[in-house]
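Beneath this line is the structure, given in structure tokens, with notes to follow.
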Amino acid sequence: MNHPPHVTSTGPGDLDAAVALHRRCSAQTLWSRYHRAMPDPRSYLPALLGRPGSIHLAAWDDTDRIVALGHLMPDRSAAEAALLVEDSWQNRGLGTRLLRGLGSHVADGGWKSVYGLVLPGDERIDAVLRHAPVPVHRRDEGGVIRAWTRTQDLEVLRAGDGLGPVAGQVFRKWPVRAAACDSCGTDLW
């Protein structure tokens with residue numbers, strides 16, 4: 001773990017690396033991501049990574065292992081964002097970095113909003129959302145919290161500091177180093 005992970009687009013071609021990530025994650029981490037016990041990752045990851053219209057980002061460490069995955073999946077006029085970060089890489093801003101990368105794709109996908117489903121009491125995701133530079137709305141949906149933001153708020157973020165002092169203040173609230181996706185060049189802030 002000498003260098004920060006690099007982020008690339010990913011998909012079915014990286015199935016083996018994605019399966020290996022899932023197998024290295026604790027049961028608690030997988031529960032936080034999927035909200036239930038999951039079978040062998042080979043049984044569901046091909047469909048997830050091959051889902052039409054979805055965008056997937058992977059963070060690779062310097063040993064060529066995927067250490068985190070981010071997914072953006074179409075759901076009518078919205079997109080669902082989901083993250084999985086290997087236990088040993090948590091609390092280093094990697095989930096935030098992937099979420100920002102996914103957020104940069106929302107407007108391009110034509111979705112009106114992006115949301116994530118969060119278990120009540122998930123302190124790690126709560127911390128990410130509390131420090132988000134955009135308004136994050138929450139709604140209890142019977143045992144799961146739907147957290148969402150509007151695409152137009154993300155577009156303000158994408159516009160950068162050219163929008164004046166408000167945009168500059170927003171960027172400083174979310175402390176993540178600037179980076180770009182290695183494969184598509186998308187600014188990850």
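When reading the values below, keep in mind they use all heavy atoms of this one structure, side chains included, and skip hydrogens, waters and symmetry mates.
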Transitive ILVMFWY side-chain link Leu99 to Trp148, under 4.5 Å: no

Heavy-atom check, side chain of Leu102 versus side chain of Leu83, under 4.5 Å: yes

Ser54 vs His56 side-chain heavy atoms within contact, under 4.5 Å: yes

Hydrophobic cluster of Trp31, others only, ordered by chain and residue number, side-chain cut-off 4.5 Å: Leu119

Where His6 and Asp61 come nearest, the two heavy atoms and their spacing: CE1-O, 4.3 Å

Close side-chain approach of Gln152 and Lys112, heavy atoms under 4.5 Å: no

Thr149 side-chain N/O to Pro135 backbone N/O, donor-acceptor pair under 3.5 Å: yes

Ionic contact status for Asp40 with Arg23, cut-off 4.0 Å: yes

Closest approach of Val106 to Val114 (non-hydrogen atoms, all atoms of both residues): CG2-CB, 3.8 Å

Heavy-atom pair with the smallest gap, counting every atom of Pro120 and Val144: CD-CA, 4.2 Å

Ala78 backbone acceptor or donor facing Ser113 side chain under 3.5 Å: no

Contacts of Asp140 that satisfy side chain to side chain contact (heavy atoms under 4.5 Å, CB included) - sequence neighbours left out: Ile145

Minimum side-chain heavy-atom gap Arg42-Asp16 below 4.5 Å: yes

Same apolar cluster: Tyr115 and Val136, side chain cutoff 4.5 Å: no

Remaining members of hydrophobic cluster (4.5 Å side-chain criterion), Tyr44: Leu15, Val19, Leu21, Leu30, Tyr34, Met38, Leu45, Leu48, Leu49, Trp60, Ile66, Leu69, Met73, Leu84

Sub-4.5 Å side-chain heavy-atom contact between Trp89 and Pro5: yes

Whether Arg51 side chain and Pro74 backbone form a donor-acceptor pair below 3.5 Å: yes

Pairwise distance CG(Leu98) to CG(Leu57) - rounded to 0.5 angstrom: 6.0 Å

Min side-chain heavy-atom separation Ile55-Ser9 under 4.5 Å: no

Qualifying residues under side-chain hydrogen bond (donor to acceptor under 3.5 Å, both in side chains), relative to Arg138, sequence neighbours excluded: none

Heavy-atom donor-acceptor pair, Asp75 side chain to Glu80 backbone, under 3.5 Å: no

Results of side chain to side chain contact (heavy atoms under 4.5 Å, CB included) for Asp122 - residues two or more places apart only: Ser32, Val118, Arg124, Ile125

Partners passing ring pair (Phe, Tyr, Trp, His ring centres under 6.0 Å) against His35 (at least two apart in sequence or in another chain): none

Check: His22 and Glu86 side chains under 4.5 Å, non-hydrogen atoms: no

Enclosure of Glu141 CD (heavy-atom neighbours >12, cutoff 6.0 Å): yes

